[in-house]
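Below is one structure, written out as structure tokens; comments come after it.
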Amino acid sequence: EVQLVESGGGLVQTGGSLRLSCVIAEYRSDSYTIGWFRRGPAGERAAVACIAKGIEQPYVSETNKDRFTISIDTKKGAAYLQMNRLRPQDTGAYYCALSHWAKSVQRCDSYAMNYWGEGIVVTVSS
């Protein structure tokens, strides 16, 4: 069983920044996708960003493309979501997820994810 260790959430003022970290524990693979998803009003998980080992181009949702950047450390098995110019609307629960397939990065679809973290809360004060 793969364990995803999430960190970096918390409270920040409007305009501030956070960096979310997702570390894959005890996992070895030549290719995979790590993604960050936000819980929606109905409990759905909407894509925020995805990045792959083996495919160069990451995915960032159109809503967040100008403010968020995702990066990967393939040696460590970790992905980082840099969140800049945060707004109160960004407040919510964020989940890290892992897909065995590197091509999952292209759509960053929650249905393609095989493992999920427990979630981490981001709060942006107005």
Side-chain angles (χ1 to χ4, degrees):
E1 186 76 14
V2 174
Q3 183 179 0
L4 304 179
V5 181
E6 303 155 309
S7 63
L11 175 65
V12 66
Q13 294 180 353
T14 297
S17 298
L18 289 172
R19 191 177 78 151
L20 306 187
S21 173
C22 179
V23 179
I24 309 168
E26 300 178 354
Y27 183 73
R28 299 290 186 273
S29 179
D30 293 332
S31 61
Y32 54 83
T33 296
I34 304 175
W36 282 99
F37 298 81
R38 182 180 179 181
R39 186 170 65 195
E44 75 278 12
R45 297 181 180 183
V48 177
C50 281
I51 193 164
K53 177 182 180 182
I55 296 178
E56 184 174 347
Q57 183 65 46
Y59 169 93
V60 182
S61 66
E62 290 295 327
T63 303
N64 303 303
K65 199 169 187 177
D66 294 335
R67 300 181 297 123
F68 296 176
T69 302
I70 190 166
S71 60
I72 190 168
D73 181 347
T74 57
K75 298 294 184 181
K76 186 177 181 179
Y80 307 93
L81 181 66
Q82 181 67 43
M83 310 168 72
N84 297 324
R85 291 179 284 137
L86 285 162
R87 312 161 181 161
Q89 302 96 302
D90 296 317
T91 295
Y94 290 76
Y95 297 83
C96 180
L98 172 69
S99 169
H100 291 304
W101 194 26
K103 290 192 69 175
S104 295
V105 71
Q106 296 174 347
R107 288 175 51 86
C108 198
D109 195 328
S110 64
Y111 294 102
M113 303 296 125
N114 301 109
Y115 305 96
W116 291 88
E118 294 182 350
I120 189 168
V121 175
V122 169
T123 303
V124 184
S125 62
S126 60

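Values below: every heavy atom of this structure, side chains too, minus hydrogens, waters and symmetry copies.
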task = Hey, could you give me the NZ/OG distance between Lys53 and Ser29, rounded to the nearest 0.5 Å?
result =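 If we round to the nearest 0.5 Å, Lys53:NZ and Ser29:OG are 6.5 Å apart.
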[Y] and [X], any side-chain heavy atoms less than 4.5 Å apart:
{"X": "Tyr80", "Y": "Asp73", "answer": "yes"}
{"X": "Val122", "Y": "Leu20", "answer": "yes"}
{"X": "His100", "Y": "Tyr115", "answer": "yes"}
{"X": "Ser61", "Y": "Phe68", "answer": "no"}
{"X": "Tyr32", "Y": "Ile72", "answer": "yes"}
{"X": "Trp36", "Y": "Met83", "answer": "no"}
{"X": "Phe37", "Y": "Met113", "answer": "yes"}
{"X": "Ser17", "Y": "Val12", "answer": "no"}

Taking [Y]'s backbone N and O only, do any of them form a donor-acceptor pair with [X]'s side chain (distance below 3.5 Å, no angle check)?
{"X": "Asn64", "Y": "Val48", "value": "no"}
{"X": "Gln3", "Y": "Ala25", "value": "no"}
{"X": "Thr33", "Y": "Ala102", "value": "yes"}
{"X": "Glu44", "Y": "Ala42", "value": "yes"}
{"X": "Thr14", "Y": "Ser125", "value": "yes"}
{"X": "Arg67", "Y": "Arg85", "value": "yes"}
{"X": "Arg38", "Y": "Thr91", "value": "yes"}
{"X": "Glu6", "Y": "Glu118", "value": "yes"}

ask   = Is Ile120 reachable from Leu86 through a run of I, L, V, M, F, W or Y residues, each pair having side-chain heavy atoms under 4.5 Å apart?
value =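 Linked within one cluster.
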inquiry  = Do Leu81 and Ile34 sit in one hydrophobic cluster, given that two such residues count as connected whenever their side-chain heavy atoms are within less than 4.5 Å of each other, even indirectly?
reply    =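 Per the 4.5 Å side-chain linkage, Leu81 and Ile34 are co-clustered.
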request  = Step through the shown structure and confirm whether more than 12 heavy atoms of other residues, nucleotides or ligands are within 6.0 Å of CD on Gln13.
outcome  =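 Check fails, neighbour count at 12 or below.
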Heavy-atom closest pair, residues [X] and [Y]:
{"X": "Ile70", "Y": "Pro58", "result": "CG2-CB, 3.8 Å"}
{"X": "Leu18", "Y": "Gly10", "result": "CD1-O, 4.1 Å"}
{"X": "Ser104", "Y": "Ser99", "result": "OG-OG, 2.7 Å"}

inquiry  = Before you tell me yes or no, could you show the steps for Leu4 and Val23 under side-chain contact (heavy atoms from CB on, under 4.5 Å), namely the whole-Å CA-CA distance, both residues' side-chain angles and the distance that decides it to 0.1 Å?
reply    = CA-CA 6 Å; Leu4 304 179; Val23 179; over 6 Å; no
